Engineer: 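I am attaching a structure below and will ask some questions about it afterwards.
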Amino acid sequence: MQPYEPKKIEKKWQDKWEGEKAFETRTDPARKKFYALVEFPYPSGQGLHVGHPRPYTALDIIARKRRMEGQNVLFPIGFDAFGLPTENYAIKNKVHPKTVTEENIARFTAQLKSLGYSFDWSRCVNTTDSAYYKWTQWIFIKLFEKGLAYKSEMPINWCVSCKVGLANEEVVNGVCERCGGEVVRKVKSQWLLKITEYAQRLIDDLDDVDYIEKVKLQQKNWIGRSKGSEIDFPLDGAQDALRVFTTRPDTVFGVTYMVMSPEHPLLDKYKGKISNWDEVIKYREEAAKKSDFERTELAKDKTGVRLLGLEAVNPANGGKIPVFISDYVLISYGTGAIMAVPGHDERDWDFAKKFGLPIIEVVAGGGVDEAAYTDIADGKMVNSGFLDGMSVAEAKAAASKWLREKGYGAEKINYKLRDWVFSRQRYWGEPIPIVRCEKCGYAALPEGELPLTLPEVESYTQTDDGQSPLSKIPEWVNTTCPKCGGPAQRETDTMPQWAGSSWYFLRYTDPDNAEAPASPENLKYWTPVDWYNGGMEHTTLHLLYSRFWHKFLYDIGVAPTAEPYLRRTSHGMILGENGEKMSKSRGNVVNPDEIVDEFGADTLRVYEMFIGAFELAASWSMDGVKGCRRFLERVWRLPDFMAEGGYSEDLLTKIHQTIKKVTLDYEALKFNTAIAAMMSLVNEFYKRERVTRSEFETLLALLSPVAPHISEELHELAGGRDRLYKTPWPAYDEALCEEDKVTIAVQVNGKVKAQIEIAADEGESAAEEKAFAEKAVKNAVEGKTVVKKIYVKGRIYNIVVK
RNA sequence: GCUCAAAUGGCGGAAUAGGUAGACGCAAGGGACUUAAAAUCCCUCGGCAGCAAUGCCGUGCCGGUUCAAGUCCGGCUUUGAGCACCA
């Protein structure tokens, strides 16, 4: 047998698969479809990371197996190529981001192909291609037409170094997710998408999909539904009332002051009444420098300014109470103002102590002078007028009713989720297809003018006041209004990277369609995605955004189903050999090219699947890689002692058990144990120094989804007919998986004393007879009374003695 | 602080559904082959005691339920992830 040379055979098979169009898929309503999806990569300058092959190999295994089972499989790939790193690289090196993107995509493509994935490359999608982003823009226009895209002056997260507005979701640990720079708050006119309008449906419809539980939970927590009341506190001597949201209307008698966010719009309206306005302005400026995160970091030391000359009235008892501004109240959550109940809320308690404000106990439980009493499970209302003596639950209902009847409030559902800040003052993104006209306001471009392509610019940097680079091209900006034909200006902001990835899975079904995002026939056949695997880090960003877009597309009749993905699984990270996250600065980065070069793609694939439980993080180990290569070498040498014939009689059970285990384990993403089972079978062949043709073919078929090149090569060398990827998946017989003899552990008082062997069809009496015949059992039982005997079929015979 | 995971040999990790803990792989030690090395093949491999048979201990810690607990329950500790003054 010639030596195993992965370099030769892997290239050979990759070329053959490509030449044979082995994995190109066609819509065929007569066949059962299976749509497997992996998150398409961002083609970064660093090239493929060893983290990429983990999820890709996993779903490649599923896709290959399902094809062998006869399903019509769509397993596509593409590139999510708009985004900051490319733009920053382009600025630094004075190259067009398009050039950089093309180079990176070429490299990624070569790397992915070298790993032998069964992607349908003919459907490859690139979000920066104008034929693609035409439809991203089209979807935006539809959102705009339905009132779900709107422009708003609002405080946004502003990255000082990137000079770009960030969605809340993009601020990580108080710094910019991309550059790590300082994030401050800045009021800016931004496009927003009303994802909040879909909040309830995004929660409810999780019941209809098969996502791993922690993903569902994380999405629910992120959306953060809470039920409460909005209550109006009249401002003394003014026509307005200060509206708050609270989940605790029962505690309204305990309200001793109120707090507004420093950005609250009512402040400016009443600045004439506020005698310490200078102080307000100063506090507001300081608050603006802080991000939401910094405001929360300063939790221990409450700051604030009391508004002099403006007081509120507690509608419950008519008492006048002071009003403060403080940065711990955020304008973006609820109504931007709170009623403070220091007796029963820790933050309010801290604030009241610091400013010497009264603390009233309204739920009996004691000790509100020492700390806030927050246990609401039991406790009766006190100091609360008509609520006295009620439980908290009763008081909530009674207070809500009373407030509603008196016109002070209404019950309300509130969500933590905020609208999606959708504009970026950046170059490398989809231009927002909107024109602003003095007369008509904002108007969408007519569909016929799409795609609105990115114009060439001299420099990709923003203007110093943070305007998009596109604003520097007057001949592009100045245009005519699509409505009135008068002079108008184009929107110069671009869309965030998340836009293109919010619908790409639909495009895969019909990637070249020029008339629609995808044709109804193709969408109807292929969607929803049957199985989507991706990182946990995308749970609240990409996954939620794309569900939102998909629901919108469903509402306007484009997408055939309400949910885009039937099943969602997640993989763990691959860490460096030292157990830390791989990064250049830690010097623990492993390059997949080097592994492929030294050991082969099949070894890399087997290794990453064998490394540990799929959903858990795993550390890289070069020794582990060697072990997997050794396993493939052992498979390679099996033909040395191959014999003609079917399954050996005495190996029937083992073979059928292995087929069953591998079949079930692949679907359960338990690749490590599936591979262990195949190793065990190979060890068995070695022990006997014999493998029959049928046994060998079965092993190759089982192994082929994980290690497709070596399997295909061995199949061919052994004179196998057709291609392995076209052969049917091995079948197993449930009856033949059963052992005819079983080993049973005999225990005395739960401790194993002996092992006996009985025939599978023998029952308890046989076990009992053999058990008591064992010397060790006799010794342990001697002189004692047998109290109880427990028999677990095929496993345990336990004798309890006293 | 809140939520969710996780903790098993020298290492990565197995253990359907409460039923023989450590599958499979790595590393290590020993042996065969070889002039030698590599590769390959075979054997040993949780700890303590013992020549051995065997006995005792052992799945982060403390308790509990059970004939039987890595697995279930209560209370902790540590690590990781996500969120965080959310009203």
Side-chain angles (χ1 to χ4, degrees), chain A residues 3 172-173 213-215 217-218 220-222 224 226 228 244-248 251 258-259 292-293 295-300 302 326-330 332-341 344-348 350-351 414-417 536-537 539-540 572-573 575 579 581 606-607 610-613 615-628 630-631 633-634 637 661 664 668 670 672-680 682-683 686-687 689 743-755 775-776 779 787-801:
Chain A
V172 175
N173 294 330
E213 229 14 76
K214 59 178 173 178
V215 168
L217 203 62
Q218 204 169 308
K220 278 182 194 166
N221 290 343
W222 186 266
S226 63
V244 302
F245 172 77
T246 179
T247 55
R248 299 293 306 276
T251 60
M258 304 191 70
V259 187
D292 280 7
F293 183 81
R295 287 181 174 202
T296 66
E297 275 240 304
L298 297 170
K300 284 176 184 79
K302 298 276 182 293
S326 176
D327 60 11
Y328 82 88
V329 174
L330 304 175
S332 47
Y333 183 76
T335 62
I338 62 153
M339 61 177 217
V341 186
H344 305 282
D345 182 284
E346 278 170 37
R347 291 150 301 140
D348 297 347
D350 289 345
F351 194 88
N414 205 47
Y415 299 93
K416 281 190 212 174
L417 185 71
M536 278 307 290
E537 70 274 19
T539 303
T540 50
M573 265 195 292
L575 307 171
K581 202 170 165 173
V606 171
Y607 173 66
F610 189 61
I611 194 168
E615 67 279 8
L616 300 179
S619 301
W620 189 265
S621 155
M622 272 307 174
D623 283 331
V625 176
K626 269 190 269 173
C628 291
R630 205 174 290 165
F631 165 60
E633 297 267 6
R634 277 164 75 81
R637 288 193 306 269
K661 180 147 187 70
L664 299 180
K670 289 167 75 174
N672 51 342
T673 49
I675 292 168
M678 289 186 281
M679 287 173 166
S680 175
V682 170
N683 290 346
Y686 269 81
K687 211 178 270 174
E689 296 189 332
T743 308
I744 287 176
V746 182
Q747 299 178 331
V748 176
N749 287 350
K751 294 207 167 176
V752 179
K753 293 291 172 188
Q755 289 179 12
K775 211 189 230 169
N779 289 344
V787 188
K788 204 174 177 182
K789 291 175 272 189
I790 295 137
Y791 176 67
V792 181
K793 190 168 178 271
R795 293 200 183 266
I796 293 284
Y797 188 74
N798 189 11
I799 303 159
V800 185
V801 294

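This structure is a prediction, so every number in the text was calculated from the model and none was measured. Chain letters run A, B, ... following the sequence lines, proteins first and then strands; every chain starts at 1.
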Engineer: Please report the interatomic distance OG1(A/T251) to NE2(A/H344), rounded to the nearest 0.5 Å.
Structural biologist: 7.5 Å

Engineer: Quick one, give me the B/S/- string for nucleotides 9-21 of chain B, reading 5' to 3', where B means a protein heavy atom under 4.0 Å from the base and S means that only happens at the primed atoms, P, OP1 or OP2.
Structural biologist: ---BSSSB--BB-

Engineer: Rounded to the Å, how far apart are A/M339 CE and B/rA87 P?
Structural biologist: 12 Å

Engineer: Does A/K788 make a side-chain N or O approach to OP1 or OP2 of B/rC67 shorter than 4.0 Å?
Structural biologist: yes

Engineer: What's the closest nucleotide to the side chain of A/N683 if the choices are B/rG25, B/rU3, B/rC41?
Structural biologist: B/rG25

Engineer: Taking only the P atom of each, what is the distance from B/rG13 to B/rA84 in whole angstrom?
Structural biologist: 30 Å

Engineer: Enumerate all atom pairs, one protein N or O and one N or O from nucleotides 26-31 of chain B, separated by less than 3.5 Å.
Structural biologist:
{"from": "B/rC26", "atom 1": "OP1", "to": "A/R630", "atom 2": "NH1", "distance (Å)": "2.9"}

Engineer: Using whole Å, report how far CE of A/M573 lies from C1' of B/rA5.
Structural biologist: 13 Å

Engineer: For A/E615, enumerate each residue passing the side-chain contact (heavy atoms from CB on, under 4.5 Å) test, keeping only those at least two apart in sequence or located in another chain.
Structural biologist: A/A613

Engineer: Could you tell me how far B/rA28 sits from B/rU34 if I compare only their P atoms? Round to whole Å.
Structural biologist: 24 Å

Engineer: Starting at CD1 of A/I675 and ending at C1' of B/rC24, how long is that distance when rounded to a whole Å?
Structural biologist: 10 Å

Engineer: Does B/rG9 adopt a syn or an anti glycosidic conformation, taking syn as a chi angle within 90° of 0?
Structural biologist: syn

Engineer: Side chains of A/K214 and A/T539: does their closest heavy-atom pair fall under 4.5 Å?
Structural biologist: no

Engineer: Within the 4.0 Å heavy-atom criterion, would you say A/D348 contacts the bases, only the backbone, or no part of the nucleic acid?
Structural biologist: nothing

Engineer: Would you kindly give the CG-to-P distance between A/L217 and B/rA5, to the nearest whole Å?
Structural biologist: 8 Å

Engineer: Check whether any side-chain heavy atom of A/Y328 sits under 4.5 Å from a side-chain heavy atom of A/F351, and report yes or no.
Structural biologist: yes

Engineer: With rounding to the closest Å, how many angstrom separate the C1' atoms on B/rC45 and B/rC24?
Structural biologist: 15 Å

Engineer: Give a yes/no answer on whether the side chain of A/R634 brings an N or O atom under 4.0 Å of OP1 or OP2 in B/rC41.
Structural biologist: yes

Engineer: Using the P atom in both, what is the distance from B/rU8 to B/rG70, to the nearest Å?
Structural biologist: 15 Å

Engineer: Using side-chain contact (heavy atoms from CB on, under 4.5 Å) as the criterion, list what pairs up with A/R795, not counting sequence neighbours.
Structural biologist: A/V792

Engineer: The criterion is side-chain hydrogen bond (donor to acceptor under 3.5 Å, both in side chains); which residues satisfy it with A/S226, sequence neighbours excluded?
Structural biologist: none

Engineer: Who pairs with A/N749 by side-chain contact (heavy atoms from CB on, under 4.5 Å), at least two apart in sequence or on another chain?
Structural biologist: A/V800, A/V801

Engineer: Among all residues two or more places apart in sequence or in another chain, which pass the side-chain hydrogen bond (donor to acceptor under 3.5 Å, both in side chains) test with A/Y791?
Structural biologist: none

Engineer: Rounding to an integer number of angstrom, what distance separates B/rA14 and B/rG9 when you compare their P atoms?
Structural biologist: 14 Å

Engineer: Does A/N672 have any side-chain hydrogen bond (donor to acceptor under 3.5 Å, both in side chains) partners at least two apart in sequence or in another chain, and if so, which?
Structural biologist: none

Engineer: Whole-Å distance between B/rC86 C1' and A/D345 CG?
Structural biologist: 10 Å

Engineer: Could you tell me which residues satisfy side-chain contact (heavy atoms from CB on, under 4.5 Å) with A/T673, sequence neighbours excluded, listed by chain and number?
Structural biologist: A/K661, A/D665, A/K670

Engineer: What distance, rounded to whole Å, do you find between the two P atoms, one in B/rA87 and one in B/rU16?
Structural biologist: 40 Å

Engineer: Considering only atom P, compute the distance from B/rG58 to B/rA21 and round it to an integer number of Å.
Structural biologist: 12 Å

Engineer: Under the side-chain hydrogen bond (donor to acceptor under 3.5 Å, both in side chains) rule, collect the residues that match up with A/T335, sequence neighbours excluded.
Structural biologist: none

Engineer: When rounded to the nearest Å, what value does the distance between P atoms of B/rC61 and B/rA7 take?
Structural biologist: 13 Å

Engineer: May I have the distance from A/K789 (atom NZ) to B/rA68 (atom P), rounded to whole angstrom?
Structural biologist: 18 Å

Engineer: RNA chain B in dot-bracket, Watson-Crick or G-U pairs under 3.5 Å, [ ] crossing, | other strand?
Structural biologist: (((((((..(((......[....))).(((((.......))))).((((....))))..(((((..]....))))))))))))....

Engineer: Can you tell me the distance, in whole Å, between the OH atom of A/Y797 and the C1' atom of B/rA68?
Structural biologist: 15 Å

Engineer: For A/K626, give me all partners under salt bridge (charged side-chain N to carboxylate O under 4.0 Å, His left out), at least two apart in sequence or on another chain.
Structural biologist: A/D623

Engineer: Given side chains that start at C-beta, do those of A/V244 and A/M258 come closer than 4.5 Å, heavy atoms only?
Structural biologist: yes

Engineer: Both A/M679 and A/N221 contact RNA chain B. Taking the nearest nucleotide for each, which residue is further toward the 5' end?
Structural biologist: A/N221

